[in-house]
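Step one of this worksheet: look at the structure below.
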Amino acid sequence: MPEGHTVHRLAAALRAGFGSQAVRTSSPQGRFSDAAELDGWVLADAEAVGKQLLIAFTPDASVAPGDPVTRYVRVHLGLYGSWTFAGEEGFAPAHAIGAPRVQGPEGDWRRLVPRPTTRLRIQGSQGLADLTGPTACEVLDGAGRRRVLDRLGPDPLRADADPERFVERVRASRTAIGVLLMNQDVIAGVGNIYRAEILFRARLDPAVPGRDLTAGMVRGIWEDLVPLMRYGARTGRIVTTQPEHRRLEARILERSRGTLQNGDGDPAAVPREESFYVYHRQTLPCRLCGTAIRSGDMAARTVFWCPRCQSVRSRRARWTLEHPAAAWAESGEHREPAAATSEESDG
DNA sequence: AAAGCATGCGGAG
DNA sequence: TCCGCCTGCTTTA
(Lines give C-alpha, C1' and ligand atoms only; values in the text may rest on other atoms or scores of the structure.)
Protein backbone atom coordinates (compact mmCIF):
# COMPACT_ATOMS: atom_id res chain seq x y z
CA MET A 1 0.00 0.00 0.00
CA PRO A 2 2.61 2.38 -1.06
CA GLU A 3 2.65 6.00 -1.99
CA GLY A 4 5.54 7.43 -3.96
CA HIS A 5 7.96 7.63 -1.05
CA THR A 6 7.81 3.86 -0.61
CA VAL A 7 8.64 3.27 -4.26
CA HIS A 8 11.64 5.58 -4.09
CA ARG A 9 12.79 3.78 -1.00
CA LEU A 10 12.36 0.52 -2.78
CA ALA A 11 14.38 1.67 -5.79
CA ALA A 12 17.19 2.58 -3.42
CA ALA A 13 16.99 -0.82 -1.76
CA LEU A 14 17.21 -2.60 -5.10
CA ARG A 15 20.20 -0.53 -6.14
CA ALA A 16 21.91 -1.23 -2.84
CA GLY A 17 21.15 -4.94 -2.88
CA PHE A 18 21.68 -5.78 -6.54
CA GLY A 19 23.13 -2.76 -8.31
CA SER A 20 25.59 -3.66 -11.12
CA GLN A 21 25.25 -7.35 -10.33
CA ALA A 22 24.27 -10.14 -12.63
CA VAL A 23 21.13 -11.57 -11.05
CA ARG A 24 18.81 -14.51 -11.46
CA THR A 25 15.24 -13.60 -12.25
CA SER A 26 12.29 -15.93 -12.05
CA SER A 27 8.58 -16.07 -11.49
CA PRO A 28 7.86 -18.80 -8.93
CA GLN A 29 4.16 -18.05 -9.29
CA GLY A 30 4.47 -18.33 -13.05
CA ARG A 31 2.45 -15.26 -13.89
CA PHE A 32 5.45 -13.27 -15.04
CA SER A 33 7.02 -15.66 -17.49
CA ASP A 34 8.99 -12.82 -19.12
CA ALA A 35 11.24 -12.98 -16.08
CA ALA A 36 13.14 -15.74 -17.85
CA GLU A 37 14.07 -13.27 -20.57
CA LEU A 38 16.22 -11.30 -18.13
CA ASP A 39 17.66 -14.19 -16.17
CA GLY A 40 21.39 -13.67 -15.79
CA TRP A 41 21.25 -10.05 -16.88
CA VAL A 42 22.79 -7.21 -14.91
CA LEU A 43 20.52 -5.13 -12.72
CA ALA A 44 21.96 -1.82 -13.87
CA ASP A 45 19.63 0.63 -12.17
CA ALA A 46 16.35 1.11 -10.38
CA GLU A 47 14.36 4.29 -10.41
CA ALA A 48 11.03 5.50 -9.12
CA VAL A 49 8.70 7.86 -10.90
CA GLY A 50 5.71 8.56 -8.74
CA LYS A 51 4.38 5.14 -7.80
CA GLN A 52 6.00 3.47 -10.78
CA LEU A 53 9.15 1.44 -10.30
CA LEU A 54 11.47 0.90 -13.25
CA ILE A 55 14.27 -1.62 -12.93
CA ALA A 56 16.83 -1.44 -15.71
CA PHE A 57 18.54 -4.59 -16.92
CA THR A 58 21.41 -4.93 -19.39
CA PRO A 59 22.69 -8.17 -20.93
CA ASP A 60 26.08 -7.75 -19.29
CA ALA A 61 28.19 -5.23 -17.43
CA SER A 62 29.79 -3.86 -20.57
CA VAL A 63 26.49 -2.37 -21.70
CA ALA A 64 25.65 1.02 -20.27
CA PRO A 65 22.12 1.46 -18.95
CA GLY A 66 20.16 3.39 -21.55
CA ASP A 67 21.69 1.48 -24.42
CA PRO A 68 18.92 0.36 -26.80
CA VAL A 69 19.20 -3.22 -25.59
CA THR A 70 18.33 -2.13 -22.07
CA ARG A 71 15.13 -3.63 -20.75
CA TYR A 72 13.01 -2.25 -17.95
CA VAL A 73 10.77 -4.11 -15.60
CA ARG A 74 7.91 -1.81 -14.71
CA VAL A 75 6.34 -2.64 -11.39
CA HIS A 76 3.31 -1.00 -9.88
CA LEU A 77 2.43 -2.26 -6.43
CA GLY A 78 -1.17 -1.15 -6.51
CA LEU A 79 -2.98 -1.51 -3.25
CA TYR A 80 -1.52 -4.84 -2.15
CA GLY A 81 1.81 -5.33 -3.80
CA SER A 82 4.92 -5.70 -1.70
CA TRP A 83 8.58 -6.59 -1.89
CA THR A 84 10.28 -8.69 0.71
CA PHE A 85 14.05 -8.82 1.01
CA ALA A 86 16.14 -11.49 2.63
CA GLY A 87 19.79 -12.30 2.62
CA GLU A 88 23.08 -12.04 4.41
CA GLU A 89 23.58 -9.71 7.30
CA GLY A 90 23.47 -6.15 6.05
CA PHE A 91 22.32 -7.26 2.61
CA ALA A 92 19.51 -4.85 1.92
CA PRO A 93 18.44 -1.86 3.94
CA ALA A 94 14.93 -3.25 4.09
CA HIS A 95 13.26 -6.54 4.82
CA ALA A 96 9.86 -5.69 3.49
CA ILE A 97 8.57 -2.74 1.61
CA GLY A 98 4.97 -2.42 0.69
CA ALA A 99 2.21 -3.99 2.69
CA PRO A 100 2.79 -4.23 6.46
CA ARG A 101 4.77 -7.18 7.70
CA VAL A 102 4.29 -9.09 10.87
CA GLN A 103 6.92 -9.63 13.49
CA GLY A 104 7.46 -13.20 14.56
CA PRO A 105 7.32 -14.52 18.14
CA GLU A 106 11.09 -14.28 18.50
CA GLY A 107 10.95 -10.58 17.81
CA ASP A 108 12.64 -10.95 14.47
CA TRP A 109 10.97 -10.50 11.15
CA ARG A 110 9.24 -13.56 9.85
CA ARG A 111 11.74 -15.62 7.92
CA LEU A 112 11.38 -15.24 4.27
CA VAL A 113 9.94 -18.43 2.93
CA PRO A 114 9.33 -18.79 -0.78
CA ARG A 115 5.69 -18.01 -1.18
CA PRO A 116 3.79 -19.55 -4.04
CA THR A 117 2.40 -16.13 -4.88
CA THR A 118 5.81 -14.64 -5.68
CA ARG A 119 5.38 -12.96 -9.05
CA LEU A 120 9.01 -12.00 -9.48
CA ARG A 121 12.09 -13.10 -7.63
CA ILE A 122 15.42 -11.37 -8.03
CA GLN A 123 18.29 -13.40 -6.66
CA GLY A 124 21.70 -11.80 -6.22
CA SER A 125 24.94 -12.95 -4.69
CA GLN A 126 24.02 -11.86 -1.17
CA GLY A 127 20.28 -12.10 -1.03
CA LEU A 128 16.99 -12.02 -2.83
CA ALA A 129 13.91 -9.89 -3.28
CA ASP A 130 10.42 -11.29 -3.75
CA LEU A 131 7.58 -9.35 -5.31
CA THR A 132 4.00 -10.32 -4.58
CA GLY A 133 0.65 -8.89 -5.53
CA PRO A 134 1.57 -6.09 -7.94
CA THR A 135 -1.04 -4.70 -10.28
CA ALA A 136 1.65 -4.36 -12.93
CA CYS A 137 4.84 -6.25 -13.67
CA GLU A 138 6.00 -6.16 -17.26
CA VAL A 139 9.09 -5.82 -19.43
CA LEU A 140 9.46 -2.60 -21.43
CA ASP A 141 12.00 -1.27 -23.87
CA GLY A 142 13.30 2.30 -23.83
CA ALA A 143 10.28 3.63 -25.70
CA GLY A 144 7.97 1.93 -23.24
CA ARG A 145 9.79 3.51 -20.35
CA ARG A 146 9.52 6.88 -22.04
CA ARG A 147 5.76 6.48 -22.45
CA VAL A 148 5.43 5.80 -18.74
CA LEU A 149 7.43 8.89 -17.84
CA ASP A 150 5.59 11.15 -20.27
CA ARG A 151 2.23 10.23 -18.87
CA LEU A 152 3.08 11.30 -15.34
CA GLY A 153 3.08 14.69 -13.68
CA PRO A 154 6.10 15.97 -11.76
CA ASP A 155 7.24 13.88 -8.80
CA PRO A 156 8.21 15.85 -5.67
CA LEU A 157 10.89 13.27 -4.94
CA ARG A 158 12.68 13.63 -8.24
CA ALA A 159 15.41 16.19 -8.82
CA ASP A 160 14.26 16.64 -12.43
CA ALA A 161 10.70 17.57 -11.41
CA ASP A 162 9.24 20.85 -12.60
CA PRO A 163 6.86 22.14 -9.92
CA GLU A 164 5.44 24.75 -12.27
CA ARG A 165 3.81 22.01 -14.31
CA PHE A 166 1.90 21.08 -11.17
CA VAL A 167 1.05 24.69 -10.43
CA GLU A 168 -0.26 25.27 -13.93
CA ARG A 169 -2.32 22.11 -14.08
CA VAL A 170 -4.00 22.83 -10.77
CA ARG A 171 -4.76 26.43 -11.54
CA ALA A 172 -6.20 25.62 -14.94
CA SER A 173 -8.71 23.19 -13.47
CA ARG A 174 -12.04 23.59 -11.80
CA THR A 175 -11.67 20.11 -10.35
CA ALA A 176 -11.37 19.95 -6.56
CA ILE A 177 -7.82 20.10 -5.22
CA GLY A 178 -8.52 16.88 -3.31
CA VAL A 179 -9.17 15.13 -6.62
CA LEU A 180 -6.27 16.75 -8.46
CA LEU A 181 -3.77 15.57 -5.86
CA MET A 182 -4.78 11.97 -6.53
CA ASN A 183 -4.37 12.36 -10.28
CA GLN A 184 -0.93 11.03 -11.22
CA ASP A 185 -0.96 13.11 -14.41
CA VAL A 186 -1.09 16.23 -12.25
CA ILE A 187 1.42 15.21 -9.60
CA ALA A 188 3.09 11.82 -9.34
CA GLY A 189 3.50 9.93 -6.11
CA VAL A 190 0.86 11.46 -3.86
CA GLY A 191 -1.60 8.94 -2.46
CA ASN A 192 -4.47 9.00 -0.06
CA ILE A 193 -2.49 9.72 3.09
CA TYR A 194 -0.37 12.53 1.69
CA ARG A 195 -3.44 14.02 0.02
CA ALA A 196 -5.37 14.28 3.25
CA GLU A 197 -2.41 15.37 5.34
CA ILE A 198 -1.01 17.96 2.96
CA LEU A 199 -4.42 19.60 2.67
CA PHE A 200 -4.72 19.78 6.40
CA ARG A 201 -1.28 21.33 6.70
CA ALA A 202 -2.29 23.86 4.07
CA ARG A 203 -5.58 24.42 5.91
CA LEU A 204 -7.32 23.80 2.62
CA ASP A 205 -10.77 22.34 2.10
CA PRO A 206 -10.36 19.33 -0.22
CA ALA A 207 -13.37 20.52 -2.22
CA VAL A 208 -11.87 23.85 -3.25
CA PRO A 209 -11.48 23.99 -7.04
CA GLY A 210 -7.90 24.15 -8.27
CA ARG A 211 -8.53 27.35 -10.16
CA ASP A 212 -9.51 29.12 -6.94
CA LEU A 213 -6.01 28.72 -5.54
CA THR A 214 -3.25 31.25 -6.04
CA ALA A 215 0.01 30.16 -7.60
CA GLY A 216 1.67 30.76 -4.25
CA MET A 217 -0.71 28.42 -2.50
CA VAL A 218 -0.16 25.62 -4.99
CA ARG A 219 3.58 26.17 -4.87
CA GLY A 220 3.30 26.03 -1.09
CA ILE A 221 1.67 22.61 -1.30
CA TRP A 222 4.52 21.38 -3.45
CA GLU A 223 7.15 22.83 -1.15
CA ASP A 224 5.52 21.19 1.82
CA LEU A 225 5.33 17.83 0.05
CA VAL A 226 9.02 17.72 -0.80
CA PRO A 227 10.46 17.49 2.74
CA LEU A 228 7.50 15.43 3.93
CA MET A 229 7.94 12.81 1.23
CA ARG A 230 11.72 12.85 1.58
CA TYR A 231 11.30 12.01 5.21
CA GLY A 232 8.95 9.22 4.18
CA ALA A 233 11.40 7.86 1.62
CA ARG A 234 14.23 7.91 4.13
CA THR A 235 12.42 6.31 7.04
CA GLY A 236 9.67 4.34 5.33
CA ARG A 237 7.05 6.06 7.44
CA ILE A 238 4.69 8.89 6.77
CA VAL A 239 4.78 11.43 9.58
CA THR A 240 3.06 14.74 9.03
CA THR A 241 2.38 16.02 12.53
CA GLN A 242 4.52 18.67 14.08
CA PRO A 243 5.88 17.63 17.49
CA GLU A 244 3.84 20.20 19.38
CA HIS A 245 0.66 18.69 18.00
CA ARG A 246 1.33 15.21 19.33
CA ARG A 247 0.28 13.91 22.68
CA LEU A 248 3.34 13.36 24.83
CA GLU A 249 2.01 10.24 26.49
CA ALA A 250 1.70 8.67 23.06
CA ARG A 251 5.44 8.22 23.01
CA ILE A 252 5.16 5.52 25.63
CA LEU A 253 2.08 3.85 24.22
CA GLU A 254 2.24 0.11 24.26
CA ARG A 255 2.21 -1.49 20.83
CA SER A 256 -1.12 -3.23 20.58
CA ARG A 257 -0.37 -5.61 17.71
CA GLY A 258 2.45 -7.41 16.02
CA THR A 259 2.27 -5.24 12.96
CA LEU A 260 5.20 -2.90 13.06
CA GLN A 261 6.08 0.30 11.36
CA ASN A 262 9.50 1.32 10.25
CA GLY A 263 11.37 2.54 13.26
CA ASP A 264 9.08 0.89 15.79
CA GLY A 265 12.15 -0.39 17.57
CA ASP A 266 13.25 3.18 18.06
CA PRO A 267 11.77 4.87 21.14
CA ALA A 268 12.25 8.21 19.44
CA ALA A 269 10.13 7.22 16.46
CA VAL A 270 6.72 8.79 16.19
CA PRO A 271 4.05 6.15 16.81
CA ARG A 272 1.46 5.72 14.13
CA GLU A 273 -1.28 7.00 16.40
CA GLU A 274 0.47 10.36 16.45
CA SER A 275 1.67 10.52 12.88
CA PHE A 276 -1.34 12.03 11.17
CA TYR A 277 -3.59 15.05 11.55
CA VAL A 278 -6.64 13.67 9.78
CA TYR A 279 -5.96 10.39 7.98
CA HIS A 280 -8.12 7.65 9.51
CA ARG A 281 -9.00 10.04 12.33
CA GLN A 282 -12.66 10.52 11.41
CA THR A 283 -14.82 11.33 14.45
CA LEU A 284 -11.72 11.97 16.56
CA PRO A 285 -11.06 15.52 17.69
CA CYS A 286 -8.83 17.68 15.52
CA ARG A 287 -5.37 18.07 17.04
CA LEU A 288 -5.62 21.83 16.66
CA CYS A 289 -9.20 22.85 17.30
CA GLY A 290 -10.95 19.79 18.73
CA THR A 291 -13.62 19.65 16.05
CA ALA A 292 -14.53 16.13 14.93
CA ILE A 293 -12.57 15.09 11.86
CA ARG A 294 -14.80 14.20 8.97
CA SER A 295 -14.50 11.70 6.17
CA GLY A 296 -16.13 11.33 2.79
CA ASP A 297 -15.62 9.99 -0.70
CA MET A 298 -13.50 11.88 -3.17
CA ALA A 299 -11.82 10.49 -6.28
CA ALA A 300 -13.04 7.00 -5.37
CA ARG A 301 -11.17 7.07 -2.08
CA THR A 302 -11.93 8.22 1.42
CA VAL A 303 -10.79 11.72 2.17
CA PHE A 304 -10.40 13.09 5.69
CA TRP A 305 -10.47 16.69 6.82
CA CYS A 306 -11.18 19.07 9.67
CA PRO A 307 -14.29 21.07 8.77
CA ARG A 308 -13.13 23.96 10.90
CA CYS A 309 -9.39 24.27 10.24
CA GLN A 310 -9.89 23.55 6.55
CA SER A 311 -12.77 25.88 5.85
CA VAL A 312 -12.30 28.49 3.17
CA ARG A 313 -12.41 31.25 5.75
CA SER A 314 -9.78 29.55 7.83
CA ARG A 315 -7.59 29.13 4.78
CA ARG A 316 -7.59 32.82 3.95
CA ALA A 317 -6.76 33.72 7.49
CA ARG A 318 -4.02 31.20 7.93
CA TRP A 319 -2.21 31.05 4.68
CA THR A 320 -0.88 34.52 4.99
CA LEU A 321 0.79 33.45 8.19
CA GLU A 322 3.94 31.47 8.07
CA HIS A 323 3.37 28.22 6.26
CA PRO A 324 3.34 25.40 8.82
CA ALA A 325 5.88 23.40 6.84
CA ALA A 326 8.59 25.93 7.42
CA ALA A 327 8.79 25.46 11.15
CA TRP A 328 8.43 21.73 10.83
CA ALA A 329 11.31 21.44 8.39
CA GLU A 330 13.55 23.35 10.78
CA SER A 331 12.65 21.27 13.79
CA GLY A 332 15.01 18.38 13.20
CA GLU A 333 12.14 15.99 12.62
CA HIS A 334 13.80 14.90 9.43
CA ARG A 335 16.57 13.15 11.20
CA GLU A 336 16.50 9.49 10.50
CA PRO A 337 15.37 7.39 13.44
CA ALA A 338 18.23 5.27 14.70
CA ALA A 339 16.53 1.94 14.16
CA ALA A 340 15.04 2.72 10.81
CA THR A 341 17.52 0.57 8.97
CA SER A 342 16.49 -2.73 10.47
CA GLU A 343 12.75 -3.11 10.32
CA GLU A 344 10.30 -2.10 7.75
CA SER A 345 6.76 -2.42 6.83
CA ASP A 346 5.77 0.34 4.57
CA GLY A 347 5.37 4.01 4.67
C1' DA B 1 -14.39 -19.94 8.13
C1' DA B 2 -15.90 -15.94 6.12
C1' DA B 3 -15.97 -11.29 5.53
C1' DG B 4 -13.88 -6.89 5.64
C1' DC B 5 -10.50 -3.80 4.66
C1' DA B 6 -6.22 -1.32 2.74
C1' DT B 7 -1.25 4.08 1.42
C1' DG B 8 -4.21 2.00 -6.27
C1' DC B 9 -5.69 2.13 -10.73
C1' DG B 10 -7.55 0.73 -15.34
C1' DG B 11 -11.43 -0.26 -18.00
C1' DA B 12 -16.28 -0.68 -18.89
C1' DG B 13 -20.62 1.72 -18.95
C1' DT C 1 -19.28 6.11 -11.45
C1' DC C 2 -18.76 1.53 -10.59
C1' DC C 3 -16.41 -2.94 -10.94
C1' DG C 4 -12.67 -5.90 -10.82
C1' DC C 5 -8.24 -7.29 -9.73
C1' DC C 6 -3.90 -8.19 -7.09
C1' DT C 7 -2.78 -10.18 -1.66
C1' DG C 8 -2.63 -10.70 3.26
C1' DC C 9 -3.83 -9.23 7.72
C1' DT C 10 -7.77 -8.20 10.87
C1' DT C 11 -12.33 -8.51 12.39
C1' DT C 12 -16.57 -10.83 12.74
C1' DA C 13 -19.55 -14.85 12.86
_Does a side-chain N or O of A:His280 approach OP1 or OP2 of B:dT7 to a distance below 4.0 Å, or not?_
yes
*Select base, sugar-phosphate, or nothing to describe what A:Arg119 touches, counting heavy atoms under 4.0 Å on all strands.*
sugar-phosphate
*So, are A:Glu273 and A:Arg246 salt-bridged, with charged N and O less than 4.0 Å apart?*
no
_Between B:dA1 and C:dC6, how far apart are the two P atoms, rounded to whole Å?_
23 Å
*Please determine if a side-chain N or O atom of A:His76 lies less than 4.0 Å away from the OP1 or OP2 oxygen of B:dC9.*
yes
_Sugar-phosphate, base or nothing in reach of A:Thr135, heavy atoms under 4.0 Å_ = base
*Looking across every strand, which nucleic acid part, if any, lies under 4.0 Å from A:Gln29 by heavy atom: base, sugar-phosphate, or nothing?*
sugar-phosphate
*asked:* Please give the distance between the C1' atoms of C:dT1 and B:dT7 as a whole number of Å.
replied: 22 Å
*Base, sugar-phosphate, or nothing: which does A:Arg31 touch, judged by heavy atoms less than 4.0 Å apart?*
sugar-phosphate
*asked:* Could you check whether A:Arg15 pairs with A:Glu47 (Lys NZ or Arg NE/NH1/NH2 to Asp/Glu carboxylate O, under 4.0 Å)?
replied: no
*Between B:dC5 and C:dC3, how far is it from one P atom to the other, in whole Å?*
15 Å
_Regarding A:Glu164 and A:Arg219, does a basic nitrogen lie under 4.0 Å from an acidic carboxylate oxygen?_
yes
*Using the P atoms only, state how far C:dG8 lies from B:dG10, rounded to an integer number of Å.*
22 Å
*Can A:Arg146 and A:Asp150 be counted as an ion pair, charged N to O under 4.0 angstrom?*
yes
